[in-house]
Participant: 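There's a structure below that I have some questions on.
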Number of protein chains: 2
Amino acid sequence: MPRGERPTLTERRAEELRAAIARTAMEIFVADGDTSAKVERIAEAAGVSPRTFHRHFPVKEDVVRPLFRATSEAVAAALRDVPDTTDPVEALVVAWTAAMPGGRLSEFDRRFLTLMVTTSEYRLRWQEADQELCEVIAGYLDRRLPAGGHPLHRTLPAYLVVHATRHVFEHWITSGSEEDLAGLLRDALRMVLAGAAVR
Amino acid sequence: MPRGERPTLTERRAEELRAAIARTAMEIFVADGDTSAKVERIAEAAGVSPRTFHRHFPVKEDVVRPLFRATSEAVAAALRDVPDTTDPVEALVVAWTAAMPGGRLSEFDRRFLTLMVTTSEYRLRWQEADQELCEVIAGYLDRRLPAGGHPLHRTLPAYLVVHATRHVFEHWITSGSEEDLAGLLRDALRMVLAGAAVR
DNA sequence: GCCGACATGGCAGAAACTGACATGTGTGAG
DNA sequence: CTCACACATGTCAGTTTCTGCCATGTCGGC
């Protein structure tokens with residue numbers, strides 16, 4: 001049994017299955033206009049039994065996690081690709097808008113994200129994905145910002161950056177996604193990092 | 001039927017019952033060292049039927065809401081009492097530490113809050129209570145800070161203040177509650193509001 | 001003392017989960 | 001090539017959470 005690679009072949013398959021089920025759930029949610037679809041229905045549409053669904057997603061709402069994890073990873077990857085000579089605020093703006101071609105969302109995605117923002121159980125899952133992003137941002141800011149003494153001075157700016165982004169994004173989503181997202185992000189991040197730089 | 005007062009007599013009673021059930025749940029959680037107690041047990045200990053429990057708390061985890069709402073209201077009240085001549089950062093520090101005598105938590109409260117921080121379902125309820133605080137903070141900051149043009153410039157600082165406080169508080173709780181909470185809060189709030197004042 | 005609003009309780013049932021066991025499929029050793 | 005084992009899935013029964021419905025009781029006003 002090969003144990004060399006980090007992601008086992010089995011795990012890779014499980015991950016793909018989870019992603020497929022998540023995608024199915026997303027389509028059902030958007031089609032319904034709400035998130036009340038029963039597990040039985042989602043599982044059937046994805047071609048698995050309810051038992052298998054629950055094996056991969058102990059709590060029903062976990063089903064959207066793969067979607068958020070994917071975008072989190074996209075942001076992290078985009079941030080890695082930005083040269084260190086770029087202004088930190090710009091780098092972060094670029095990273096967060098990289099996943100959206102032209103700063104535009106498809107109507108499908110917009111409806112889905114609106115559901116996620118307006119349903120507290122699902123919003124929590126989004127926030128948990130953001131949590132993982134915090135680590136990435138913290139690592140980036142570590143390189144680009146003067147270091148503080150207390151451990152909080154390392155994690156707090158990253159935490160604030162992520163939450164500021166959330167706030168901006170939620171505002172942008174719920175207000176119709178017509179405003180200039182990059183501009184809003186820039187303003188917000190400048191506000192946050194202005195305080196961090198003072199340290 | 002008197003409809004003059006805002007909180008109906010009936011509603012007031014319901015609120016008291018909810019608070020009592022919440023308190024009971026808290027005691028059971030702390031005694032058990034985890035939050036897995038069944039609804040049946042909490043309801044019985046509180047002297048109500050499971051049916052009544054669910055009438056007041058549609059989702060089991062909602063049971064802790066009254067506890068967080070109470071402290072949120074305490075913070076809001078403390079902030080109202082601070083004279084407007086006080087430095088905003090100090091005012092917020094005072095407001096948040098007002099509920100804790102000498103910045104100390106009882107061992108009972110510490111154990112409970114540790115459970116709340118480490119259990120995502122319950123953490124969500126805490127965050128929702130914080131959400132209401134955002135409004136209060138936004139109102140306060142409106143009076144004390146220069147106003148920005150975009151609506152985000154009004155809500156974002158409040159949002160960040162609340163989240164920064166959360167982050168500090170969670171760090172403080174999980175690291176043993178031995179550090180100087182007021183000092184940590186002061187540093188964090190200074191960082192946040194430094195950026196806000198720039199606007 | 002009567003009436004009506006309202007909260008509670010009990011019961012049946014839906015939906016979300018979980019443990020145990022059996023089946024199928026693929027992969028590596030011999 | 002075949003056997004054996006690991007592992008994911010499905011089925012089934014059972015627990016827990018949550019909901020609709022109706023009967024009962026209690027409290028406040030007439």
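Protein chains get the first letters and strands the later ones, always in sequence-line order, with residue 1 at the start of each. Please read these numbers as outputs of a predicted model, since none were measured by experiment.
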Participant: What is the minimum heavy-atom distance between B:Leu181 and B:Met100, and which atoms define it?
Facilitator: CD2-CE, 3.4 Å
Participant: Select one nucleotide: of C:dT27, D:dG10, D:dA8, the one nearest the side-chain heavy atoms of A:Thr10.
Facilitator: D:dA8
Participant: When the C1' atoms of the five terminal pairs at each end define the local axes, what inter-axis angle does the helix from C:dG1-D:dC30 to C:dG30-D:dC1 show, to 10 degrees?
Facilitator: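 Between the axes fitted at each end of the helix from C:dG1-D:dC30 to C:dG30-D:dC1 lies an angle of 20°.
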Participant: Once the angle between the rings of A:Tyr159 and B:His163 is folded into 0 to 90°, is it parallel (under 30°), tilted (30 to 60°) or perpendicular (over 60°)?
Facilitator: tilted
Participant: Can you name the closest pair of heavy atoms from B:Trp96 and B:Leu133 and give their distance?
Facilitator: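 Result for this residue pair: CZ2-CD1, 3.8 Å.
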Participant: Can you see which heavy atom on B:Glu27 is nearest to which on B:Phe108, and at what distance?
Facilitator: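 So the minimum-distance heavy-atom pair works out to CG-CZ, 3.8 Å.
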Participant: Assess whether atom CZ of A:Arg144 is packed by more than 12 heavy atoms of other residues, nucleotides or ligands within 6.0 Å.
Facilitator: yes
Participant: A:Ile42 CD1 to C:dA15 P: how many Å, rounded?
Facilitator: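 Result: 13 Å.
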Participant: Given D:dG10, is OP1 or OP2 found less than 4.0 Å from the side-chain N or O atoms of A:Thr52?
Facilitator: yes
Participant: Just the rounded figure in Å: distance from P of C:dT25 to CG of A:Leu17.
Facilitator: 17 Å
Participant: Nearest-Å distance, CD (A:Glu44) to P (D:dT11)?
Facilitator: 11 Å
Participant: Please name the pair of heavy atoms, one in B:Pro157 and one in B:Val192, separated by the smallest distance, quoted to 0.1 Å.
Facilitator: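 Closest approach of B:Pro157 to B:Val192: O-CG1, 4.4 Å.
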Participant: Between protein and nucleotides 15-26 of chain D, map the contacts as a letter string: B base, S sugar-phosphate only, - none, heavy atoms under 4.0 Å, written 5' to 3'.
Facilitator: -SSBBBB-----
Participant: CD of B:Glu11 versus C1' of C:dC6: gap in Å, rounded?
Facilitator: 12 Å
Participant: Do you know the tightest heavy-atom contact between A:Phe29 and A:Phe112?
Facilitator: CD1-CE1, 4.3 Å
Participant: Taking atom P of C:dT18 as reference, at what distance in whole Å does atom CG of A:Asp62 sit?
Facilitator: 10 Å
Participant: It should be established whether B:His56 places a side-chain nitrogen or oxygen under 4.0 Å from OP1 or OP2 of nucleotide C:dA7.
Facilitator: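 No, no such contact exists.
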Participant: Nearest of C:dT8, D:dG28, C:dT27 to any side-chain atom of A:Arg13?
Facilitator: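 Between C:dT8, D:dG28, C:dT27, the one nearest the side chain of A:Arg13 would be C:dT27.
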Participant: Might you confirm whether atom CD of A:Glu90 has over 12 heavy atoms from other residues, nucleotides or ligands at distances under 6.0 Å?
Facilitator: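 Counting neighbours around CD of A:Glu90, more than 12 heavy atoms of other residues, nucleotides or ligands fall under 6.0 Å, so yes.
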Participant: With A:Arg123 as reference, evaluate A:Arg166, A:Met116, A:Glu128 under the side chain to side chain contact (heavy atoms under 4.5 Å, CB included) test and give the passing residue.
Facilitator: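 Single side chain to side chain contact (heavy atoms under 4.5 Å, CB included) partner of A:Arg123 among A:Arg166, A:Met116, A:Glu128: A:Arg166.
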